[in-house]
Amino acid sequence: MISLIAKELRLSFRHGAESMAALLFFIIAGTLFAFGVGPDPSILSRIAPSVVWVTALLAALLPLDRLFGPDFEDGTLDLLLLSGKPAYEIAAAKAASHWLTTGLPLLIMAAPLAVMLRLPGDRLPVLLLTLLPGTLIFSLLGTMAAALTTGARRGAILMPLITLPLMIPSLIFGTAAATSPHPAPPFYMIFAMLLAALPLAPLGTGLALRAAAE
Amino acid sequence: MHLLTAQKLAIFRGERLVLNGVSFALRPGGILLLRGANGAGKSSLLRALAGLTPLVSGDLFWDDLPALADREAHAARIGWLGHQDAVKPALTPAEQVPRSALTLVGLERFADLPTRFLSAGQKRRLAIARVAATPKALWLLDEPTTGLDSASIERFLALCSAQRARGGMIIASTHTPIDLPNTEVLAL
């Protein structure tokens with residue numbers, strides 16, 4: 001599993017520009033909000049957590065069609081499934097590499113972006129604390145949706161249709177935790193979602209990959 | 001020493017029944033060549049034998065036990081060379097295949113060059129090297145000699161001989177004649 005993650009990271013490093021696309025989208029979209037809403041700090045600081053969450057979600061979707069697409073087309077997927085490793089392990093490795101190449105950079109960049117959007121300093125740790133399980137959920141569910149649409153003829157259209165409803169609950173509770181004066185209950189909720197997705201999403205992804213290879 | 005037995009396999013591709021009633025037995029050191037026109041189901045049969053595609057009916061036995069009951073265990077026996085090379089253009093050959101195996105196919109000079117600079121035949125050799133790199137009991141090869149020059153075909157045949165010498169089995173689909181003694185042919 002470690003070797004598979006290492007290979008994925010090396011590949012994404014070689015495809016530097018493509019890998020940066022999600023992060024760039026995140027920064028640009030967040031910045032546009034600052035221009036679009038105007039310089040009024042009270043409005044900006046109120047919507048900052050939601051803007052960061054929504055743009056992070058959309059940015060996390062961007063690399064998903066490259067997650068299994070090239071592997072499916074060049075025969076690597078067959079080879080992975082015949083590596084003797086269980087399919088859920090391959091799925092977990094893919095989700096982990098998606099998080100390391102997309103989720104983690106988004107999480108790191110979220111801090112300066114939130115500050116730029118006038119988020120009060122004392123709210124920043126809460127926002128980042130909700131984005132940590134949030135980005136992990138994006139990677140887990142996104143990997144599953146990517147596997148489900150692998151090999152489908154209109155995968156590019158299907159993908160957001162499958163992913164967005166799956167991710168809306170985490171978005172609701174994530175932004176609730178980041179904006180509410182009592183962040184604990186929604187935070188527990190999003191953490192519970194992560195705990196559910198952690199074993200279930202790789203299992204579903206593995207089954208979807210087997211079906212895609214048939 | 002192992003034995004692979006197929007009994008009356010039937011395989012679907014998409015919505016269509018491409019193969020029905022395929023039976024064969026393969027002994028240690030055995031080579032089975034799949035022959036047939038384009039679309040006869042050679043690739044589908046190889047994918048089914050690997051456990052990638054489910055069998056509609058029929059049985060596949062490995063040493064008299066159902067081979068596909070544990071797909072991970074079955075996969076661990078298989079050296080797979082698919083229709084495509086499954087090489088990543090952005091990685092170097094040495095990052096995808098052990099260096100010792102690159103010498104087997106004469107690619108050691110290109111070990112640290114990005115694979116996108118390699119020709120189609122060289123990529124095929126890289127894929128062959130990956131199969132040869134790890135000792136597997138059963139090689140499943142889909143058109144292994146596509147794009148290979150005569151020297152590379154000689155090397156490939158030597159690798160096949162080495163595989164059968166250690167008791168391994170090979171099932172290959174091919175249009176070109178494979179010049180090895182005692183090969184069985186399955187016409188589809």
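In what follows, chains are A, B, ... by sequence order, proteins preceding strands, each numbered from 1.
The environment of NE2 in B:H83 is sparse: at most 12 heavy-atom neighbours from other residues, nucleotides or ligands sit within 6.0 Å. Heavy atoms from other residues, nucleotides or ligands lying under 6.0 Å from CZ of A:F33 number 12 at most. Around the CZ atom of B:R27, the shell of radius 6.0 Å holds no more than 12 heavy atoms that belong to other residues, nucleotides or ligands. Summarising the local packing, CZ of A:R14 is surrounded by more than 12 heavy atoms from other residues, nucleotides or ligands at distances under 6.0 Å.
Contacts between residues 135-152 of chain A and chain B, counted as heavy-atom pairs separated by less than 4.5 Å, involve no residue at all. Interface residues of residues 80-92 of chain A toward chain B, defined by a heavy-atom distance below 4.5 Å and sorted by number: A:L81, A:L82, A:G84, A:K85, A:P86, A:A87. Within residues 1-12 of chain A, the residues having any heavy atom less than 4.5 Å from a heavy atom of chain B are, in residue-number order, A:K7, A:R10, A:L11. Contact residues of residues 191-214 of chain A toward chain B are A:R210, A:A213, A:E214 (heavy-atom distance under 4.5 Å).
The pair A:D74-B:K123 fails the salt-bridge criterion, with no side-chain N (NZ, NE, NH1 or NH2) lying under 4.0 Å from an Asp/Glu carboxylate O.
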* Just do the side chain to side chain contact (heavy atoms under 4.5 Å, CB included) check on B:R47 and A:D78 with the steps written out, would you? => CA-CA 9 Å; B:R47 294 183 73 79; A:D78 294 338; 2.8 Å; yes
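Among the candidates B:P54, B:G51, B:G82, the residue making the largest number of heavy-atom pairs closer than 4.5 Å to chain A is B:P54. Taking chain A as the reference chain and counting heavy-atom pairs below 4.5 Å, the highest number among B:V87, B:T134, B:L52, B:T53 is found for B:L52.
Looking at every heavy atom in both residues, B:K88 comes nearest to A:D71 through NZ-OD1, 2.5 Å.
The CD1 atom of B:I78 lies 11.0 Å from the CG atom of A:L79; values are rounded to the nearest 0.5 Å.
For a residue to count as touching a neighbouring chain, one of its non-hydrogen atoms must lie under 4.5 Å from one of that chain's; by this rule B:R77 does not touch chain A.
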